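Being a predicted model, the structure only gives us computed values, none of them experimental.
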Amino acid sequence: ADGSAAAAVGAAWAAAPLAEPDRRTPREEPGPRAETSRAPERATAEQALPVVIRWEECLTDTQERYYHELPTGRTQWELPVEGWIELLADDGERYYWDATTNITSWTSP
């Protein structure tokens with residue numbers, strides 16, 4: 001990548017609305033409260049499907065961030081805007097972000 005591409009990636013990364021998950025308390029959406037007076041609801045087709053990590057964040061030899069689409073092998077400099085993405089924290093640990101819902105988690109969804 002040339003210098004202008006690296007600068008654009010750096011600027012895009014700095015402007016990205018991502019925040020690492022809080023290490024003290026994982027940020028996960030609360031589940032429904034159990035009620036003893038009702039029978040459990042059936043799982044919808046969407047709930048039954050496994051979550052698939054679509055993208056992973058990678059680093060070049062010069063520590064530039066880029067994104068690899070796992071199902072297709074495609075790479076891009078721009079931060080993906082949909083699906084679950086495996087990202088790298090500043091300390092190198094991996095965490096997960098759903099670009100659609102803006103949820104982050106230290107554990108794979």
Side-chain angles (χ1 to χ4, degrees):
D2 65 18
S4 62
V9 169
W13 178 252
L18 300 180
E20 294 177 16
D22 186 341
R23 291 183 191 276
R24 292 168 287 154
T25 55
R27 181 176 173 226
E28 296 182 14
E29 295 300 310
R33 293 181 183 213
E35 295 181 21
T36 56
S37 61
R38 284 185 7 185
E41 294 180 22
R42 288 185 142 150
T44 65
E46 183 176 309
Q47 291 169 330
L49 294 175
V51 174
V52 175
I53 304 299
R54 182 169 171 191
W55 294 88
E56 69 177 340
E57 183 177 56
C58 303
L59 294 174
T60 66
D61 293 339
T62 58
Q63 302 303 302
E64 296 174 274
R65 296 175 191 268
Y66 69 96
Y67 304 92
H68 171 239
E69 187 174 28
L70 297 170
T72 66
R74 183 175 67 115
T75 59
Q76 67 184 41
W77 291 108
E78 300 81 24
L79 183 67
V81 294
E82 63 182 34
W84 279 97
I85 305 164
E86 183 181 86
L87 297 168
L88 293 168
D90 291 339
D91 64 2
E93 191 172 342
R94 295 198 174 266
Y95 68 101
Y96 304 88
W97 174 58
D98 184 344
T100 306
T101 62
N102 201 30
I103 294 173
T104 58
S105 173
W106 286 110
T107 57
S108 180

* Asked: Tell me, do Asp98 and Ser105 make a side-chain contact under 4.5 Å, heavy atoms counted?
  -> no
* How many angstroms lie between CG in Leu70 and CD1 in Ile85, if you round to the nearest 0.5 Å? -> 10.5 Å
* **Thr107 side chain near Tyr95 side chain, heavy-atom distance below 4.5 Å** => no
* For Ala99 and Pro80, which heavy atoms make the closest approach, and how far apart are they? -> CB-O, 4.1 Å
* Validation row: Glu64, Leu59 side chains within 4.5 angstrom (heavy atoms) -> no
* Minimum heavy-atom separation for Asp90 to Arg65, with atom names? -> OD1-NH2, 3.8 Å
* Asked: When rounded to the nearest 0.5 angstrom, what distance separates OH in Tyr66 from CG in Leu79?
  -> 15.0 Å
* Structure fact -> Test side-chain contact (heavy atoms from CB on, under 4.5 Å), reference Glu86, set Glu57, Glu56, His68, output is Glu56
* Asked: Any idea which heavy atoms bring Leu87 and Trp97 closest together, and the distance?
  -> CD1-CB, 3.7 Å
* Got Glu69 and Gln76 here, is their nearest side-chain heavy-atom distance under 4.5 Å? -> no
* Is any side-chain heavy atom of Arg74 closer than 4.5 Å to a side-chain heavy atom of Trp55? -> yes
* Rounded to the nearest 0.5 Å, how far apart are CH2 of Trp77 and OG1 of Thr60? -> 5.5 Å
